[in-house]
Amino acid sequence: MLSMLGLGAAGLVTAPYLQRGLEAFLGSAADKDPTGLTGLLPNGGGFRYYSVTSSVPRKGPDTYRLKIDGLVDRPATYTLDALRKLPQTRIVRDVQCVTGWRVPDTPFEGVRLSRLLDAAGVRPEARAVRFTCFDGTYTESLTLPQARRADVLVALKMQDKPIGHAHGGPARLYVAPMYFYKSAKWLSGISVTSDVRPGYWEELGYDVDAWVGRSNGRDDTPTVRETV
Ligand SMILES: Nc1nc2c(c(=O)[nH]1)N[C@H]1C(S)=C(S)[C@@H](COP(=O)(O)O)O[C@H]1N2
Ligand SMILES: [Mo]
């Protein structure tokens, strides 16, 4: 079964998390699988579904909000509509998960994080950005220079379609040059802070500076074919 799915030992490490998430995603169908392997099923197109929580509320145009606060002069709350009206940037890169799977040439599209930070007016003493999610649990962070890179987006589209619930829609973070755990799904909060606070997986041992191929003891040579 495992070899059929093309998974090695790395896939097994995250199995409990995957399964808990997949149960919510698949509903009662997953309840009937006592093996714990349900969560290892690829979720279409080479992606695997990850959630550290068992269920995540659905949010759409009427209910989604993205709050920017912390060390800024102009805290703001964006609706989905407001985000859609801002200039959109499309980036095409390989998605690389730290557990080894990769999805080549995946387009993401959305608003540059730097644009939102500039609009909020980052204070001089700020050094980092902390991200929170409406799953209520997942967190991530970037240094301010990382957050201001042109290839870091608040993504509204993935594979040229609005991001669906399973992939963290309606808006997720997209940190193109880093392992995919930096790309927080169900993004709901951006807080500008005085220092980097390790995110959910980083508390559990993954590198905070998660450059693909230069962190986590891995050597994944990325193929870069990007349009920024
Ligand atoms: N909120 C939230 N974001 C998350 C995660 C998560 O569990 N919760 N998992 C991360 C990891 S480890 C990966 S590989 C990707 C998986 O994204 P996907 O479910 O769209 O494939 O989301 C990242 N962002
Ligand atoms: Mo991951």
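Each ligand, and each atom within it, is numbered from 1 in the order the structure gives.
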Contact region, F47 to ligand 1, non-hydrogen atoms below 4.0 Å, reads side chain

Here the gap from T77 atom OG1 to I68 atom CD1, rounded to the nearest 0.5 Å, amounts to 8.5 Å

Taken to the nearest 0.5 Å, the spacing of F180 CZ from Q96 CD works out to 11.0 Å

The answer for which part of D135 has a heavy atom under 4.0 Å from ligand 1 is side chain

Salt-bridged, E202 to K182, with N to O below 4.0 Å?
yes

- Query: Applying a strict 4.0 Å limit to heavy atoms, is S183 in contact with ligand 1?
  - Reply: yes

Note: heavy atom closest to atom 13 (C) of ligand 1, options Y49, F180, W186, belongs to F180

If you measure every N or O of R172 against every N or O of ligand 1, does any of those distances drop under 3.5 Å? yes

Would you say W101 touches ligand 1, if touching means a heavy atom closer than 4.0 Å? yes

So is C97 polar-close to ligand 1, meaning N/O to N/O under 3.5 Å? no

Output yes when D160 and R90 qualify as a salt bridge under the 4.0 Å nitrogen-oxygen rule, no when they do not. yes

- prompt: Less than 4.0 Å between a side-chain N and a carboxylate O, is that true for R93 and D105?
  reply: no

Just to check, does W201 reach to within less than 4.0 Å of ligand 1 when the distance is taken from its heavy atoms?
yes

For V52, the ligand 1 atoms with a heavy-atom partner under 4.0 Å come out as 7 (O)

Requested in this report: Determine, stepwise, if the pair T99 / Y50 fulfils side-chain hydrogen bond (donor to acceptor under 3.5 Å, both in side chains).
Outcome: CA-CA 12 Å; T99 60; Y50 280 68; 3.2 Å; yes

### Task
Output yes when R127 and D195 qualify as a salt bridge under the 4.0 Å nitrogen-oxygen rule, no when they do not.
no

Any heavy atom of Y181 under 4.0 Å from ligand 1? The part involved is both

